[in-house]
Amino acid sequence: MNQHSKTDWARVKREAEADAPVPFDAETDPYDPNDEAAVEAFAAQAKVARRRGPGRAPLKVPTTIRFDADCAFRRS
């Protein structure tokens, strides 16, 4: 584990062992995570987002900018 992690792993383990139901708000949540049929129905209609594959042009273009020494952006 990462030595600098801010995760309380003891709490995570306790909550996993308790096997308590996941909090669910019918007005804001898309499905009830405690209902297996609802989870499967939601996953079945989900769309997979694909990442740009190899050989594709990058979406960002590298650029360089230079300022004069008397520029207002200079560090003071």
Side-chain angles (χ1 to χ4, degrees):
M1 281 185 237
N2 183 351
Q3 293 178 352
H4 303 290
S5 174
K6 295 180 181 179
T7 302
D8 182 358
W9 290 109
R11 177 181 166 203
V12 170
K13 290 177 184 177
R14 277 194 317 272
E15 290 178 359
E17 290 171 357
D19 198 28
V22 178
F24 166 67
D25 182 4
E27 292 183 17
T28 59
D29 296 335
Y31 65 95
D32 181 359
N34 303 302
D35 180 6
E36 191 172 325
V39 173
E40 289 182 20
F42 183 79
Q45 59 89 27
K47 295 180 182 176
V48 177
R50 298 185 185 265
R51 296 178 183 247
R52 296 181 64 81
R56 294 272 180 112
L59 296 176
K60 296 180 180 178
V61 179
T63 186
T64 303
I65 187 167
R66 297 175 66 180
F67 295 100
D68 291 334
D70 62 343
C71 179
F73 296 110
R74 139 180 112 210
R75 293 181 184 168
S76 21

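We count residues from 1, following the sequence as given.
- Of all non-hydrogen atoms in Trp9 and Ser5, the two that sit nearest each other are NE1-OG, 3.6 Å.
- Of the possible polar contacts, none joining the Glu15 side chain to the Val12 backbone as a donor-acceptor pair under 3.5 Å is found.
- Arg66 meets the salt bridge (Lys or Arg N to Asp or Glu O under 4.0 Å) test with no other residue; sequence neighbours excluded.
- Pairing each heavy atom of Pro30 with each of Phe42, the nearest pair is CB-CE1, 3.7 Å.
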Side-chain donor-acceptor distances from residues 18-27 under 3.5 Å, at least two apart:
unit_1: Asp25; atom_1: OD1; unit_2: Glu27; atom_2: N; d: 3.2
unit_1: Asp25; atom_1: OD2; unit_2: Thr28; atom_2: OG1; d: 3.2

